[in-house]
S.K.: 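Before I ask anything, here is the structure I am working with.
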Amino acid sequence: MATSHDPAGRGAGQRWSLADTRHHGNIGLGRRHGGARAPGGEPPSPGARPTRRRLLGALGLGAGLGAATFGATVGIQRLLPSSADDALDLLSIFGTPGSFGRLARSSTIETVDVPGFGFGPGQSAFMATVASDGTVFIGTTPFSDDQMFPTAASMEAGIFHPDTRRFTQLMIPSSAGHFFVSNPDPTVRGVGGADVADVIVVPDPVMGERVVLVSVMPYHGWDTKVHGEFPSIGQLRRDRAGDWRYEPSLSWTAAQLAALAPPTVAASAFPTIGPTSPLSGRGPASVARLPRSGHLVIAQYFGAGGRGTKSGALLVVDLEGRTRAWWQYPPTSPLGISTVVNPREVVTDPTSEPDDERFVLISDCFSGNKVAEPFPVQEFSYSASSGQITPKSAAVRAAQDKSRMESACFDMAGNLYVARTNAHGLRADAMAVYVKAGRERSLVTAAPATADWPDYFGIECRPDYLLQETGRGGLVRSLTMDPVSGAILLTGLDGTLQVVQPAGAGHEMTFRTSAIDTGLSQLRGPSTRYIGVRRAAVDAQRRILWLPVNQLVLDSISWPYPPFKLDQWLIRVDLDRLLDR
């Protein structure tokens with residue numbers, strides 16, 4: 001049975017206090033967290049910084065995050081159907097034959113063998129997106145869950161064709177045409193390559209659609225004169241036969257992006273990090289399409305090395321790679337404590353007006369001693385005609401209770417939903433909703449970006465709604481919206497898929513919530529591995545939610561280690577059946 005949430009705590013306000021800095025939430029650049037080195041430099045010692053995965057190990061949770069930490073169904077309203085036939089229509093999971101563990105004996109989740117499903121050695125599934133023809137694209141991240149600690153020597157994306165149940169491992173070459181490039185340092189044990197940190201589908205004027213991908217770390221110390229570089233921004237297009245191909249002419253290294261940028265911007269947006277390193281793209285970690293101009297807003301995670309700032313930046317480019325706007329995150333020192341801000345996720349507002357295209361940013365934050373701070377959300381505006389990015393709100397938190405703003409999405413009315421993580425960094429906290437009334441959300445009206453907003457970094461801006469029913473299961477790794485029904489879909493680290501179905505508008509909204517267990521605990525392998533989810537893709541036309549499931553080793557094996565393969569999966573959820581429950 002689902003539950004309904006009535007409005008509570010309406011109205012928004014702000015008060016200033018700095019959250020406690022004792023925080024264990026860092027799990028590396030898989031969530032793009034800090035202790036970061038400049039691209040091309042030497043990585044920090046894996047033991048030099050606290051991480052969430054080390055916390056899990058210290059707590060004895062190596063047997064599997066969902067199973068050991070929360071139990072597969074603790075606090076979850078189980079909505080798996082009683083009949084096996086009904087269940088098989090709701091949930092299916094695709095993967096290589098023999099990879100499904102106890103799920104192969106499940107009567108509630110269908111397992112589908114796909115020979116060749118998965119990625120090359122050292123690559124695991126990451127963010128997903130879907131094209132209008134139903135093709136699913138999946139990015140990749142290292143087994144370390146941290147792009148600064150590579151576990152592969154390639155750059156690749158996964159392409160899954162549901163109609164034919166065929167998986168294609170798309171290899172992306174370096175600018176010198178090499179598919180495998182590793183760091184020459186023998187102690188690194190043959191790893192290098194590049195990640196695909198984010199992937200989206202955008203309109204294409206000729207072929208209908210193209211796919212844009214970004215890479216946080218496209219370079220790991222090799223000789224670029226011999227081996228070239230992997231792209232910081234890459235694109236895929238269909239060929240005349242309808243197959244998806246990598247398009248080198250629409251893909252760019254940091255140096256190529258710098259050549260297309262205004263000289264006044266290029267040196268800061270794409271700086272030189274070291275004497276022998278190529279130009280840096282400053283860690284493109286997330287990309288989103290701005291709905292009016294069609295330009296791409298990108299979160300640059302890293303600072304500019306020796307150029308004086310440790311915080312990241314925001315970049316807007318067009319589909320030809322030309323820089324349209326750039327904005328450096330300013331110095332922030334709340335209560336006199338210097339804070340490094342690493343932009344991690346950008347999400348655009350579909351109700352944006354021309355020359356006022358809104359998007360929100362969620363950033364990882366660290367104090368001067370590299371202790372993780374609770375993460376804020378912040379709203380921005382982009383003007384294509386003036387080429388300006390402008391903060392519209394301060395960087396805010398929903399509450400000063402050490403919880404974090406984890407991930408965000410908009411609905412079709414412009415209401416903003418922000419998934420939160422509790423103070424311990426392992427469980428979901430109540431989701432915040434900032435309602436759009438007229439032209440603005442309460443995020444902006446209650447906490448506007450006044451001239452001195454960096455001095456009030458991390459203030460509290462109470463949401464219009466705080467959905468207590470969503471504070472269950474693992475921290476949210478996937479937050480998406482179904483544009484047909486308006487349902488908000490959250491999936492946690494433990495495999496809990498939560499559904500929030502809004503009704504009404506403004507300050508008269510109600511929210512019906514429910515949840516199912518996607519069965520991740522039954523995929524758990526040896527205690528040296530971790531299984532979790534990443535951002536799902538909604539196929540609104542076919543009424544499907546595609547949820548990538550990855551398998552990692554994290555810190556159970558001392559990094560570095562030679563590349564090897566691990567099984568990865570893809571869950572199919574029937575949205576109509578899910579929403580009818």
S.K.: Out of curiosity, L443 CG to R358 CZ, how far, rounded to the nearest 0.5 Å?
M.R.: 10.0 Å

S.K.: Should L260 and F270 count as side-chain neighbours, where that means a heavy-atom distance under 4.5 Å?
M.R.: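 No; the side chains remain at least 4.5 Å from each other.
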
S.K.: Starting from the C-alpha separation in whole Å, work towards a yes-or-no answer on side-chain contact (heavy atoms from CB on, under 4.5 Å) for M405 and R420.
M.R.: CA-CA 5 Å; M405 310 297 260; R420 299 165 63 235; 3.9 Å; yes

S.K.: Say whether, by atom type as modelled, one donor and one acceptor occur between the side chain of E460 and the main chain of Q400 under 3.5 angstrom.
M.R.: yes

S.K.: Using the side-chain contact (heavy atoms from CB on, under 4.5 Å) rule, take E156 and L170 through it: C-alpha gap first, then chi angles, then the decisive distance, then the call.
M.R.: CA-CA 5 Å; E156 56 190 78; L170 179 67; 5.9 Å; no

S.K.: Salt bridge or not for R238 and D204, using N-O below 4.0 Å?
M.R.: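 Between D204 and R238 there is no salt bridge, as every charged N stays at least 4.0 Å from the carboxylate O atoms.
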
S.K.: Can you tell which of S232, P278, S280 makes a side chain to side chain contact (heavy atoms under 4.5 Å, CB included) with P218?
M.R.: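 Running side chain to side chain contact (heavy atoms under 4.5 Å, CB included) over S232, P278, S280 with P218 returns exactly one hit, S232.
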
S.K.: Backbone N or O of R542 within a donor-acceptor pair of the D539 side chain at under 3.5 Å?
M.R.: yes

S.K.: Taking the side chain from S124 and the backbone from N550, do they hold a donor-acceptor pair closer than 3.5 Å?
M.R.: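 Here the side-chain-to-backbone pair does not exist.
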
S.K.: Could you pull out the closest heavy-atom pair between W252 and G321, with the gap in Å?
M.R.: CH2-N, 3.3 Å

S.K.: Mind running salt bridge (Lys or Arg N to Asp or Glu O under 4.0 Å) on D356 and R292 for me, showing each step along the way?
M.R.: CA-CA 9 Å; D356 185 19; R292 292 291 188 165; over 6 Å; no

S.K.: What is the minimum heavy-atom distance between T135 and I159, and which atoms define it?
M.R.: CG2-CG2, 3.4 Å

S.K.: Check step by step if side-chain hydrogen bond (donor to acceptor under 3.5 Å, both in side chains) holds for T141 and D195.
M.R.: CA-CA 5 Å; T141 196; D195 63 286; over 6 Å; no

S.K.: Measure across Q541 and S132 and return the closest heavy-atom pair with its distance rounded to 0.1 Å.
M.R.: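 Result for this residue pair: OE1-O, 3.6 Å.
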
S.K.: Determine whether a donor-acceptor pair (N or O, by modelled atom type, separation under 3.5 Å) exists between the side chain of S478 and the backbone of A536.
M.R.: yes

S.K.: Drop me the distance from Q378's CD to L361's CG, to the nearest 0.5 angstrom.
M.R.: 6.5 Å

S.K.: Hey, does the side chain of Q123 reach the backbone of T140 with a donor-acceptor pair shorter than 3.5 angstrom?
M.R.: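 The answer is no, because no donor-acceptor pair under 3.5 Å joins these two groups.
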
S.K.: Could you tell me whether the side chain of K436 reaches within less than 4.5 Å of the side chain of D349, counting heavy atoms only?
M.R.: yes

S.K.: Got a donor-acceptor contact below 3.5 angstrom from the Y417 side chain to the V500 backbone?
M.R.: no

S.K.: Grab the two heavy atoms, one from P284 and one from A197, that are nearest each other, plus how far apart they are.
M.R.: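 It is O-CB, 4.0 Å.
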
S.K.: Any side-chain heavy atom of L489 within less than 4.5 Å of one from L575?
M.R.: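 In short, these two side chains touch, coming nearer than 4.5 Å.
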
S.K.: Looking only at heavy atoms, which two atoms of E345 and A299 are closest? And how far apart?
M.R.: N-CB, 4.4 Å

S.K.: Can you check side-chain hydrogen bond (donor to acceptor under 3.5 Å, both in side chains) on D494 and T496, steps first, answer last?
M.R.: CA-CA 6 Å; D494 61 341; T496 305; 2.9 Å; yes

S.K.: Check this for me, if you would: do R441 and D464 make a salt bridge, where the nitrogen-to-carboxylate-oxygen distance has to be below 4.0 angstrom?
M.R.: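 Answer for the salt bridge query: no.
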
S.K.: In Å, rounded to the nearest 0.5 Å, how long is the span from CD of Q498 to CE of M431?
M.R.: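 Answer rounded to 0.5 Å: 8.0 Å.
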
S.K.: Check whether S144 reaches the backbone of F149 with its side chain - one donor and one acceptor, N or O, closer than 3.5 Å.
M.R.: yes

S.K.: Side chains of L479 and E406: closer than 4.5 Å at any heavy-atom pair?
M.R.: no

S.K.: Please step through side-chain hydrogen bond (donor to acceptor under 3.5 Å, both in side chains) for the pair E357 and S293, ending with a clear verdict.
M.R.: CA-CA 8 Å; E357 296 184 274; S293 63; 2.8 Å; yes

S.K.: With ring-ring contact (aromatic ring centres under 6.0 Å, His included) as the test, pick out the partner of Y329 among F380, W453, F302.
M.R.: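 By the ring-ring contact (aromatic ring centres under 6.0 Å, His included) criterion, Y329 pairs with just one of F380, W453, F302: W453.
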
S.K.: Test side-chain contact (heavy atoms from CB on, under 4.5 Å) on Y382 and R324; report intermediate values, then the result.
M.R.: CA-CA 10 Å; Y382 166 66; R324 294 296 189 130; 3.4 Å; yes

S.K.: Starting at CG of D411, measure out to OG1 of T351 and round the result to the nearest 0.5 Å.
M.R.: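 Output value for this atom pair is 8.5 Å.
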
S.K.: Flag the pair R404 and D429 as a salt bridge only when some basic side-chain nitrogen lies within less than 4.0 angstrom of an acidic carboxylate oxygen.
M.R.: no

S.K.: Hey, does the side chain of Q235 reach the backbone of L319 with a donor-acceptor pair shorter than 3.5 angstrom?
M.R.: yes

S.K.: Could you check if a side-chain atom of V212 sits within less than 4.5 angstrom of a side-chain atom of V199, using non-hydrogen atoms only?
M.R.: no

S.K.: Is L213 close to I172 at the side-chain level, that is, under 4.5 Å between some pair of heavy atoms?
M.R.: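 I172 vs L213: side chains touch.
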
S.K.: Can you tell me if D198 uses its side chain to pair, donor with acceptor, with the backbone of S286 under 3.5 Å?
M.R.: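 Not a single qualifying donor-acceptor pair exists.
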
S.K.: The test is side-chain contact (heavy atoms from CB on, under 4.5 Å); show your working for S352 and L290 and say whether it passes.
M.R.: CA-CA 8 Å; S352 295; L290 292 154; over 6 Å; no

S.K.: Test your reading of the model: is there a side-chain donor-acceptor pair from Q388 to the backbone of A325, 3.5 Å cut-off?
M.R.: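 Not confirmed, Q388 side chain does not pair with A325 backbone.
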
S.K.: Could you tell me the separation between the OG1 atom of T264 and the CH2 atom of W326, rounded to the nearest 0.5 Å?
M.R.: 10.0 Å

S.K.: Any idea which heavy atoms bring F375 and S363 closest together, and the distance?
M.R.: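 So the two residues come closest at CB-O, 3.1 Å.
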
S.K.: Measuring only between side-chain heavy atoms, which start at C-beta, is V347 closer than 4.5 Å to F410?
M.R.: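 A side-chain contact exists here, since the closest heavy-atom pair is under 4.5 Å.
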
S.K.: Are Q328 and S311 side-chain neighbours, meaning at least one heavy-atom pair lies under 4.5 Å?
M.R.: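 The answer is yes; the side chains approach within 4.5 Å.
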
S.K.: Measuring from I571:CD1 to T518:OG1, what's the distance to the nearest 0.5 Å?
M.R.: 4.0 Å

